[in-house]
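Below: one structure, written as structure tokens.
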Amino acid sequence: MGKNMEINKSMGKTNEVQVLALKEASERMVDLLGELINEVTRMAQEIKAKGQSIPEAEAAKLTDAGKDFADSINAMIDNLVNQIKDISRQASGTIECLGAVIATEKLKLASLLRNIIEGVIMIDRQGEIVVINLQARRMLALGLSDDVTASALNAKMEAIALDKAIEECREKKRLVTKEIILQEDLLLSCHLSPINDAEGKIIGVVVILKDITKEREVDRMQSEFFSTVSHEIRTPMIGIGGIITNILMGAAGQVSGKIEEYLIMASRNIKRLDRLTTEFLDYSKIKRGALRLKKSEVDICGLARNVISSLNPQIERKRLKLSTNFCKEQLYYYVDSDKITQVFTNLMHNSIKFTPDDGSINVDIKYSDQRKMLEVAVTDTGIGIAREDIPKLFKHFVQIYRKDTTGERGTGLGLAICKGIIQAHKGVIRVESTLGKGSKFVFTLPQCTAEDFFEDCLNNSLQKADDNQSALSLIFILIRCIYEKKKVSSFAESGNILNGVEKLTKATIRRDTDLVLKYKENRIAVILENTNKKDALMFIERLKRTIGKEGLADFKGKARVVRAIFGVSSFPHDAHSVEELVKQAEQPCTYRHYRL
């Protein structure tokens, strides 16, 4: 490699010298031509001035002077011709050297493109092919020997939706990554990068194609293995744990001190084994992309307090100083409560584990209105992490063992699972640490509005219905309050009644899979899985009877009349996409007035 670098440097210097020589020769040619023109012009002006009245005696002298002038011109021209020949020879040699260098570089590039395992395609701003190697031809099923036309390439890219990715790369002026399935047994990872000129203008796009079929198959087999093994272990483990618990409770008679000690030790290890299998199952779901979030409106500060309270015995045992800094007393966010609790518990547990006695831990929770971002940070004064170990932290099956730590070792999946959970929430997790001084783990979550939450839930339910070939119904409930005769309140003034209707609707649903959500400021959305349109209309009639004068009495305020407007749409009866379902459900189909 070092030798190649020296050759490249030497070639670079040679090119530079040749270009400078060519430039110098060109400048000399221009100077000589300029001198010749100036001299001819000067002498011509002298002849003209003297030729107006020349005596015969002077004519001979002038003739001799003309001969001398002609001789000097001829000599100057001969000299110029010789110099031009020299310059031409130098330029010819330089051009030949440059041609050889260019040919060598082309061979090197061709060899590189021929031997790399990835497919490479480069197209210019007009969509014409600049480069396409054999691997790209094979992956896209293009001819291996025939010339590939731009139209043929565009047709192939359009068929696999790669043309949209190229357009996105050009518009956003950044790297775009996409996965495409060409056949049932071929999965490609595509990386598209813009090519910029010296002024930063995009002059083309380069596409790198990588065959990841085997990698995904290995990941799938690995995930299935973990899932199967975890389930097979958990089934007998639950039975053993139940038996041990019953014996400790005296179901088999009095338990002596030594036997009780052994049973408690076995119960502790059963619980540890349960945690390990749970980690394997969570990791398996994340790898398969099967992690399903059950989001709801959660008080993040309250969640943090509950986790800290559960870990208080461990904190007190090590005499750790714990401080909290929360931006608000209550901070509601749409998240999966169990999953975020799992992340926060893991970060807190690690800080407790790796912080020496009498150390300190600080928990910060803040929300940025400007960035629309929630940030949770756990900072400790523990033993810290070496700089070279930080990139390994969030990889699966990796543990950074440190001689200072004590206690049981886990699977090395904890932080990898945390990363998967945070990414599923469209957030980011990172660490800042200095060896010997402590660590700071931070995760951030983007703001999720009621509308975002509704769309996520509807997307998930629709995907499930499509996979299972089952029905799905969406119901919108619009509430308007009338305070005086012929005077309708604004939507904002209906908030109290809306909360009452939401509460009564939740009491009306009968299945855990059914969801009741706020949608915008004036509507409630009801998502009913495995429910066709006929059953959804029956649910609306049942809901109308539930929402009555007695039911809304606690929420009415100054309202005299409540007008409930219902809309419904179903998959696949009315619509096949989220947009179509929402549009159809926004059309009112039935009304009901409630006098309070």
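The figures that follow rest on heavy atoms only: side chains count, while hydrogens, waters and symmetry mates do not.
- In this structure, CD1 in Ile540 is found 12.0 Å from OG1 in Thr508, a value given to the nearest 0.5 Å.
- Not a single donor-acceptor pair under 3.5 Å links the side chain of Thr324 to the backbone N or O of Val363.
- Within the 3.5 Å criterion, the main-chain N or O of Ser351 finds a donor-acceptor partner in the side chain of Thr355.
- Just one of Lys464, Gln469, Gln463 meets the side chain to side chain donor-acceptor pair (under 3.5 Å) condition when paired with Asp467; it is Gln463.
- Across every non-hydrogen atom of Val568 and Ala536, the tightest pair is CG2-CB, 3.8 Å.
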Derivation and outcome, side chain to side chain donor-acceptor pair (under 3.5 Å), residues Ser323 and Asn362: CA-CA 5 Å; Ser323 60; Asn362 187 67; 2.4 Å; yes
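- Remark: Leu322 CG to Ser360 OG distance equals 9.5 Å, nearest 0.5 Å.
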Check against side chain to side chain donor-acceptor pair (under 3.5 Å), Gln447 and Tyr367: CA-CA 9 Å; Gln447 184 184 44; Tyr367 175 76; 3.0 Å; yes
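- The CG atom of Leu263 sits 11.5 Å away from the CD1 atom of Ile243 when rounded to the nearest 0.5 Å.
- Using a cutoff of 4.0 Å between basic side-chain nitrogens and carboxylate oxygens, Lys392 and Asp389 are scored as salt-bridged.
- Contact record, Ala465 with Ala471: CB-O, 4.3 Å, taken as the closest heavy-atom pair.
- Taking a cutoff of 4.0 Å between a charged side-chain nitrogen and a carboxylate oxygen, Glu118 and Lys210 do not qualify as a salt bridge.
- Panel note: side chain Glu580, backbone His576; a donor-acceptor pair is recorded below 3.5 Å.
- By the 4.5 Å heavy-atom criterion applied to side chains, His425 and Leu293 are counted as neighbours.
- Between the side chain of Lys173 and the backbone N or O of Ile202 there is no donor-acceptor pair closer than 3.5 Å.
- Atom CD of Gln342 sits about 9.5 Å away from atom CG of Asp336, to the nearest 0.5 Å.
- Contact annotation: the side chain of Phe454 approaches that of Leu474 to within less than 4.5 Å [non-hydrogen atoms, C-beta and beyond].
- In this structure, Lys328 NZ and Ile300 CD1 are separated by 12.5 Å, a value rounded to the nearest 0.5 Å.
- Side-chain contact annotation: Ser461 with Glu529, donor-acceptor N/O pair under 3.5 Å present.
- Around CZ of Arg387, the count of heavy atoms belonging to other residues, nucleotides or ligands within 6.0 Å does not exceed 12.
- Nearest approach of Ala266 to Ile244, heavy atoms of both residues: CB-CD1, 3.8 Å.
- No side-chain heavy atom of Lys366 sits under 4.5 Å from any side-chain heavy atom of Leu374.
- Taking the charged nitrogens against the carboxylate oxygens, Asp282 and Lys339 do have a contact shorter than 4.0 Å, which makes a salt bridge.
- A salt bridge is absent between Glu260 and Lys258; no separation between the charged side-chain nitrogens and carboxylate oxygens falls under 4.0 Å.
- A donor-acceptor pair shorter than 3.5 Å cannot be found between the side chains of Ser473 and Thr531.
- Salt bridge Lys506/Glu502: present, at least one basic N to carboxylate O contact under 4.0 Å.
- Counting only heavy atoms from C-beta outward, the side chains of Val442 and Glu375 approach each other to under 4.5 Å.
- For the residue pair Val298 and Ser337, the shortest heavy atom distance occurs at CG2-CB, 3.8 Å.
- Closest heavy-atom contact between Leu192 and Cys169: O-SG, 3.6 Å.
- Within the 4.5 Å cutoff, side-chain heavy atoms of Phe394 are placed close to those of Val431.
- Expressed to the nearest 0.5 Å, how far CG of Asp456 lies from OH of Tyr334 amounts to 11.5 Å.
- Formation of a donor-acceptor pair under 3.5 Å by the Asp380 side chain with backbone atoms of Ser439 is found in this model.
- The backbone N or O of Asn530 lies less than 3.5 Å from no partner atom in the side chain of Ser470, so there is not a single donor-acceptor pair.
- The side-chain heavy atoms of Cys190 and Ile180, taken from C-beta on, include a pair separated by under 4.5 Å.
- Looking at Thr213, its side chain does come within 3.5 Å of a backbone N or O of Leu187 through a donor-acceptor pair.
- For the pair Met139 and Asp211, the tightest heavy-atom approach, listed with the atom from each and the gap, is CE-N, 4.0 Å.
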Trace of the side-chain contact (heavy atoms from CB on, under 4.5 Å) decision for Leu347 with Phe443: CA-CA 10 Å; Leu347 299 184; Phe443 67 85; 3.9 Å; yes
Residues Thr379, Ile361; criterion side-chain contact (heavy atoms from CB on, under 4.5 Å); working and verdict: CA-CA 6 Å; Thr379 309; Ile361 297 174; over 6 Å; no
Worked verdict on Leu472 versus Ile527 for side-chain contact (heavy atoms from CB on, under 4.5 Å): CA-CA 7 Å; Leu472 170 74; Ile527 301 174; 3.7 Å; yes
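- The shortest side-chain heavy-atom distance between Lys372 and Ser368 does not fall under the 4.5 Å cut-off.
- A donor-acceptor contact shorter than 3.5 Å links the side chain of Lys318 to the backbone of Ile352.
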Trace of the side-chain contact (heavy atoms from CB on, under 4.5 Å) decision for Phe539 with Leu528: CA-CA 10 Å; Phe539 173 84; Leu528 302 175; 4.1 Å; yes
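- Salt-bridge check for Asp514 with Arg511: passed, with a basic side-chain N closer than 4.0 Å to an acidic carboxylate O.
- Considering only heavy atoms from C-beta on, Leu581 comes within 4.5 Å of Leu462 through its side chain.
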